[in-house]
Amino acid sequence: EEWLENQAGISNYELAKNYGGSESVYRKWRKRYGLSDSINKVDKKKKEPKSKRKDGDIERIVCLSDVHVPYHDTQAFYCALDYIKQTKPDEVIIGGDFLDMYSISKFAKIITPANSLLQEIAIAKQMLKELRKTVGVDTRITYIQGNHEFRMQTYLCNNAPELIGFDALSVPALLDLESLDIEYIESQTRTSYVIRSGVAIGHFNKVSKYSAYTAKALVEQNFSSVVQFHTHRLGEHYRTTPFSVYKGVEGGCLCQLEPEYVDNPDWQHGIVVMERVVGGDRYNIVGVPIIEGKMLFNGKIYGGTDESSK
């Protein structure tokens, strides 16, 4: 029991991987001792940044995620940029896995110049520069660490522990995020998130089999509204309690829908749009599908070409 208490924040999957056994065994023992896999537990008191708008104003936040450079879908990405360009949101949140980190993954792979880490970083930096140019200098951009960005930490731990702590090998340094004024949100686990108007927006270390099932599980676990990326699916779930109505949204992806490493995945392109009242608790979050590089939303079509944001 004491040992399990000391593993707080480490998922059952990680325990099984590191110490042997199965996830169900660790889940069973945690349940027996009244402990939980707290890696996906939301801290509702987590500090939010101050809005540039005054109380009572409506603020718009656009969330995009799971781009997986260099396995991104160009049309889907530029469709998202087109929407951002035309609607001028107050904040853009990158919900993790902007990078794929293919070349340093633990899986069997064939590394070529096109998918090398050097090329991946170069492409991602250019795309982030385009994003910053699209939104302008005054718009906040927040980049949440995903499990694929976490691969860098895992790789260093397993292969080069002597280099742990070198800032030059961190994701913010590799992507030069400081020069782009992009805030990077990271953690020591595969779960990272931010809070906006009480809504947890992030890359939680949980994936269920069907659309909206992951969002449902996170809402039920936290009794909080949640925007979950990582699943590559779109989906919505509502939960009404005597105290509030909670909503869980899965935000889709902007990567290729037919990657080489999985057959016929149940994935959808999309983004999440959030509108909220500054200084209040009123908000609305909507997952918006992107189909064949185009998005129909609020009576207008966005996208249509690879360069639609320019």
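The chain is numbered in sequence order, starting from 1. Bear in mind that the values here come from a model prediction, so they are computed numbers and not experimental data. Just so it is clear, the values below take in all heavy atoms, side chains as well, and ignore hydrogens, waters and symmetry mates.
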- Task: Report the C-alpha separation of Ile61 and Glu275 in whole Å, then their side-chain angles, then the decisive distance to 0.1 Å, and conclude whether the side chain to side chain contact (heavy atoms under 4.5 Å, CB included) test is met.
- Result: CA-CA 6 Å; Ile61 300 172; Glu275 292 184 331; over 6 Å; no
- Evaluate the side-chain hydrogen bond (donor to acceptor under 3.5 Å, both in side chains) criterion for residues Ser211 and Glu250: first the C-alpha distance (whole Å), next the side-chain angles of each, then the deciding distance (0.1 Å), finally the verdict. CA-CA 8 Å; Ser211 168; Glu250 293 176 29; 5.1 Å; no
- Query: Where do Ser116 and Ser103 land on the side-chain hydrogen bond (donor to acceptor under 3.5 Å, both in side chains) test, with the steps shown first?
  - Reply: CA-CA 6 Å; Ser116 68; Ser103 61; over 6 Å; no
- Assess whether side-chain hydrogen bond (donor to acceptor under 3.5 Å, both in side chains) is satisfied between His232 and His68, documenting all intermediate values. CA-CA 11 Å; His232 294 196; His68 288 276; 3.1 Å; yes
- Item | Derivation of the side-chain hydrogen bond (donor to acceptor under 3.5 Å, both in side chains) call for Tyr78 and Glu130 | CA-CA 10 Å; Tyr78 279 108; Glu130 291 186 59; 2.8 Å; yes
- Criterion ring-ring contact (aromatic ring centres under 6.0 Å, His included) on Phe297 and Tyr302, from CA distance to verdict: CA-CA 8 Å; Phe297 189 54; Tyr302 301 90; 7.6 Å; no
- Chi angles and distances behind the side chain to side chain contact (heavy atoms under 4.5 Å, CB included) call for Leu64, Val92: CA-CA 8 Å; Leu64 58 90; Val92 173; 4.2 Å; yes
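What you find for Ser224 and Ala200 is that their closest heavy atoms are OG-N, 4.4 Å. Of all heavy-atom pairs between Met274 and Arg196, the closest is CE-O, 3.3 Å. Here the closest heavy-atom approach between residue Ala212 and residue His237 is recorded as O-CB, 4.2 Å. Listed here is the closest heavy atom pair of Cys79 and Ile290: SG-CG2, 3.9 Å. Summarising the geometry of Gln145 relative to Ser187, their closest heavy-atom pair is NE2-O, 3.3 Å, with the distance given to 0.1 Å.
Under the salt bridge (Lys or Arg N to Asp or Glu O under 4.0 Å) criterion, the residue pairs touching residues 219-233 are Glu220-Arg239, Arg233-Asp266, with sequence neighbours excluded.
Ser179 and Asp176 share a donor-acceptor pair across their side chains, judged by distance under 3.5 Å alone. Residues Asn115 and Gln119 have side chains that never bring a donor and an acceptor to within less than 3.5 angstrom of each other.
Salt bridge status for Glu236 with Lys247: present, with a side-chain N to carboxylate O gap under 4.0 Å. Between Glu59 and Arg53 no salt bridge is recorded (no basic side-chain N to carboxylate O distance below 4.0 Å). Salt bridge present: Lys54 and Asp57 bring a charged side-chain N and a carboxylate O closer than 4.0 Å. By the 4.0 Å N-to-carboxylate-O rule, Lys125 lies too far from Glu120 to be salt-bridged with it.
The line from CG of Leu254 to CD of Gln75 is 12.5 Å long, rounded to the nearest 0.5 Å.
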Check residues 280-288 and write down every donor-acceptor pair under 3.5 Å in which the side-chain atom is one partner and the other belongs to a residue at least two apart or another chain.
unit_1: Tyr283; atom_1: OH; unit_2: Ser225; atom_2: OG; d: 2.5

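Of the possible polar contacts, one joining the Glu149 side chain to the Asp97 backbone as a donor-acceptor pair under 3.5 Å is found.
Using a 4.5 Å cut-off between side-chain heavy atoms of Ile, Leu, Val, Met, Phe, Trp and Tyr, with links allowed through other members, Met101 and Ile144 fall into different hydrophobic clusters. In the hydrophobic cluster analysis, where Ile, Leu, Val, Met, Phe, Trp and Tyr join through side-chain heavy atoms closer than 4.5 angstrom, Ile141 is grouped together with Leu99. A continuous path of Ile, Leu, Val, Met, Phe, Trp and Tyr side chains, each step under 4.5 Å between heavy atoms, connects Val67 with Leu177, placing both in one hydrophobic cluster.
You'll find the ring centres of His148 and His203 outside the 6.0 Å limit.
Because its NZ or CZ atom is both nearer than 6.0 Å to the ring centre of Tyr193 and within 45° of the ring axis, Lys46 counts as a cation-pi partner of that residue.
For Leu296, the side chain to side chain contact (heavy atoms under 4.5 Å, CB included) criterion is met by Ile301, not counting sequence neighbours.
Within a 6.0 Å sphere centred on CG of Asn159, heavy atoms belonging to other residues, nucleotides or ligands number more than 12.
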